[in-house]
Number of protein chains: 2
Amino acid sequence: MSKSEEKHQTRRRGADLEDAVLSAAWDLLKEVGYQEFTMAEVAKRANAAKPVLYRRWPEKSSLAASAIIKFGPKLDATIPDTGSLRGDLVTFFNQLIKIFDMFGAEKFRGLVTDRLKSIPIEKLFAAPNSDNMLQSAIEQILEQAEKRGEVDTSKLSPRVLQLPGVLFINEVVGQAVVTKQVIAQIIDEILIPVFTAKK
Amino acid sequence: MSKSEEKHQTRRRGADLEDAVLSAAWDLLKEVGYQEFTMAEVAKRANAAKPVLYRRWPEKSSLAASAIIKFGPKLDATIPDTGSLRGDLVTFFNQLIKIFDMFGAEKFRGLVTDRLKSIPIEKLFAAPNSDNMLQSAIEQILEQAEKRGEVDTSKLSPRVLQLPGVLFINEVVGQAVVTKQVIAQIIDEILIPVFTAKK
DNA sequence: ACATATAAGAAACTTTGGTATCTTATTTAT
DNA sequence: ATAAATAAGATACCAAAGTTTCTTATATGT
């Protein structure tokens with residue numbers, strides 16, 4: 001038996017093994033979606049033992065989230081600048097739903113609610129030890145708006161800055177499709193009034 | 001053996017059995033909270049078989065919700081009338097958190113996220129076939145406000161009417177305690193601007 | 001090079017949600 | 001009264017999350 005065939009003798013460790021697991025997890029997630037995603041199947045595909053997964057990720061939803069962060073579609077880092085707060089928000093949220101649609105929103109079903117069992121909502125859009133992409137995008141959009149005189153960012157509390165994320169998650173958790181109309185309603189009826197409120 | 005001792009011969013049915021199960025479920029929920037609440041234990045305490053539970057409730061979270069609706073603290077049906085929209089909202093939400101605190105908010109942990117897997121958020125505060133208590137209370141408060149000239153209810157969409165519920169659920173799902181300060185922030189920074197926005 | 005620490009691998013196990021099957025008590029209609 | 005329909009009860013079962021235990025390969029420090 002040649003050395004290369006002796007798979008059972010070649011143990012991967014550290015990053016190598018981690019990458020293999022995440023890669024298998026991402027493949028499985030694409031194929032079957034979160035609900036049918038099982039730890040045993042990921043382990044099998046990665047030729048790893050189940051405890052290997054649990055030594056790194058405390059639970060299934062955590063592994064799935066890591067795989068999405070590593071291999072999933074990335075949020076476009078460029079912030080729109082359409083000339084108005086409303087336009088920027090509309091453009092930004094439409095980018096966001098496009099990403100979800102690209103991957104297939106139904107593939108995520110169950111993941112968000114599972115994640116919410118162990119992490120607060122404002123960490124949902126953040127990789128570990130990194131900041132909340134969504135919220136920082138909103139902050140940049142609001143700073144642009146302030147330059148135009150549309151808002152006064154000194155009046156905006158953390159709670160208000162988290163509101164777009166909360167509303168977006170709320171739509172994603174619900175089974176309905178997030179359409180452009182829904183986005184427009186959220187922006188016109190809720191976000192703009194809140195951001196432009198006078199204290 | 002007297003007839004009354006022959007428990008194994010006396011089969012309860014329909015409402016009798018259902019009540020016994022809900023009662024056992026409520027007791028267990030009070031004792032151990034939702035996370036440690038198991039279907040097997042409820043069945044055991046109710047002297048019922050597990051399939052009896054699943055014939056009536058499709059899943060654990062549904063049984064727990066039914067027990068809370070039947071035996072849990074009830075929302076005070078009287079709508080506050082303090083003379084201002086802000087006062088009414090503050091009073092109402094403080095009533096709401098008092099109910100949660102009375103029962104012990106930590107007892108609910110996990111229930112909301114489980115419920116959200118099968119029902120939309122706007123049904124969370126509604127008994128089956130009945131309307132959303134929280135939302136109808138908000139509507140009444142807003143009608144009072146309209147009489148005072150504080151808002152124009154014709155401008156308020158369903159999405160806006162659901163916002164208080166969404167924000168409240170969001171706080172309940174997060175692990176933080178919902179304090180009076182949090183309530184005041186939500187009302188001042190979000191709800192009032194949204195309700196009083198001019199279209 | 002060798003001892004020691006670390007973590008992979010294998011496999012069995014525990015717990016719980018949820019289902020399926022079968023028997024039999026109770027209800028309901030005739 | 002009796003037959004047929006209904007649903008309770010008992011029990012075994014399945015699937016999957018997560019854990020435990022033990023062996024052994026690899027890495028690391030001396």
Side-chain angles (χ1 to χ4, degrees), chain A residues 1 3-22 24-25 28-29 31-67 109-111 113-115 117-118, chain B residues 1 3-22 24-25 28-29 32-67 109-111 113-118:
Chain A
M1 198 187 224
K3 179 131 188 236
S4 66
E5 281 172 299
E6 299 177 274
K7 287 264 170 61
H8 55 288
Q9 301 248 26
T10 313
R11 285 188 184 175
R12 294 158 302 179
R13 291 198 155 206
D16 266 6
L17 182 56
E18 186 164 322
D19 289 353
V21 171
L22 285 172
L28 183 58
L29 212 43
E31 276 178 47
V32 304
Y34 180 74
Q35 315 259 32
E36 323 295 326
F37 175 92
T38 72
M39 296 300 262
E41 180 63 21
V42 173
K44 190 179 163 193
R45 290 183 179 210
N47 282 307
K50 213 148 53 114
V52 165
L53 316 201
Y54 284 103
R55 280 174 200 130
R56 291 171 168 75
W57 299 276
E59 64 210 3
K60 162 175 155 157
S61 67
S62 169
L63 170 57
S66 290
R109 193 130 306 146
L111 172 58
T113 45
D114 273 6
R115 285 304 280 153
K117 284 181 183 167
S118 40
Chain B
M1 199 186 224
K3 182 136 187 233
S4 67
E5 281 172 300
E6 298 178 274
K7 287 264 169 63
H8 56 287
Q9 301 249 23
T10 312
R11 284 189 185 175
R12 294 158 301 180
R13 290 198 153 205
D16 266 8
L17 181 56
E18 186 164 323
D19 289 354
V21 171
L22 285 173
L28 183 58
L29 211 44
V32 304
Y34 180 74
Q35 314 260 32
E36 323 295 327
F37 175 92
T38 73
M39 296 299 262
E41 180 63 20
V42 173
K44 190 178 164 194
R45 290 184 179 209
N47 282 305
K50 219 161 32 130
V52 166
L53 316 201
Y54 284 103
R55 279 174 200 131
R56 290 172 169 75
W57 298 276
E59 63 209 3
K60 163 175 154 156
S61 67
S62 169
L63 170 57
S66 289
R109 193 132 304 145
L111 172 58
T113 45
D114 272 6
R115 285 305 280 154
L116 287 176
K117 285 182 183 167
S118 40

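Predicted model only: the values in this text are computed from it and were never measured. Per chain, numbering begins at 1; letters A, B, ... match sequence-line order. The figures that follow rest on heavy atoms only: side chains count, while hydrogens, waters and symmetry mates do not.
- For B:Lys50 against C:dG18, a side-chain N or O and a base N or O form a donor-acceptor pair under 3.5 Å.
- Contact detail for A:Glu59 and A:Arg115: the closest heavy-atom pair is OE2-NH1, 3.9 Å.
- Both A:Ala40 and B:Arg12 sit near DNA chain D, but only B:Arg12 has its closest nucleotide nearer the 5' end.
- Residue A:Arg11 places no side-chain N or O under 4.0 Å from the OP1 or OP2 atom of C:dA10.
- Contact annotation: B:Arg55 side-chain N/O to D:dA8 OP1/OP2 distance is under 4.0 Å.
- When distances run from any side-chain atom of A:Arg56 to the nucleotides C:dT16, D:dA17, C:dA8, the shortest one goes to C:dA8.
- When rounded to the nearest whole Å, the span between CG of A:Asp16 and P of C:dG9 equals 11 Å.
- For the OP1/OP2 pair of C:dT19 and a distance below 4.0 Å, the side-chain nitrogens and oxygens of B:Tyr54 include no atom meeting the criterion.
- Put simply, NZ on A:Lys44 is 20 Å from C1' on C:dA8, counting in whole angstrom units.
- B:Pro58 comes within contact range of no nucleotide atom at all, as no heavy-atom separation falls under 4.0 Å.
- Taking atom CH2 on A:Trp57 and atom C1' on D:dT19, their separation rounds to 18 Å, with Å as the unit.
- Taking 3.5 Å as the limit, the base of C:dT27 and the side chain of B:Arg13 contain no donor-acceptor pair of atoms between them.
- Residues B:Leu63 and B:Met39 form a side-chain contact, since some pair of their non-hydrogen atoms from C-beta on lies under 4.5 Å apart.
- Looking at A:Lys60, its side chain does come within 3.5 Å of a backbone N or O of A:Tyr34 through a donor-acceptor pair.
- Here the CZ-CG distance, from B:Arg12 to B:Asn47, works out to 6.0 Å after rounding to the nearest 0.5 Å.
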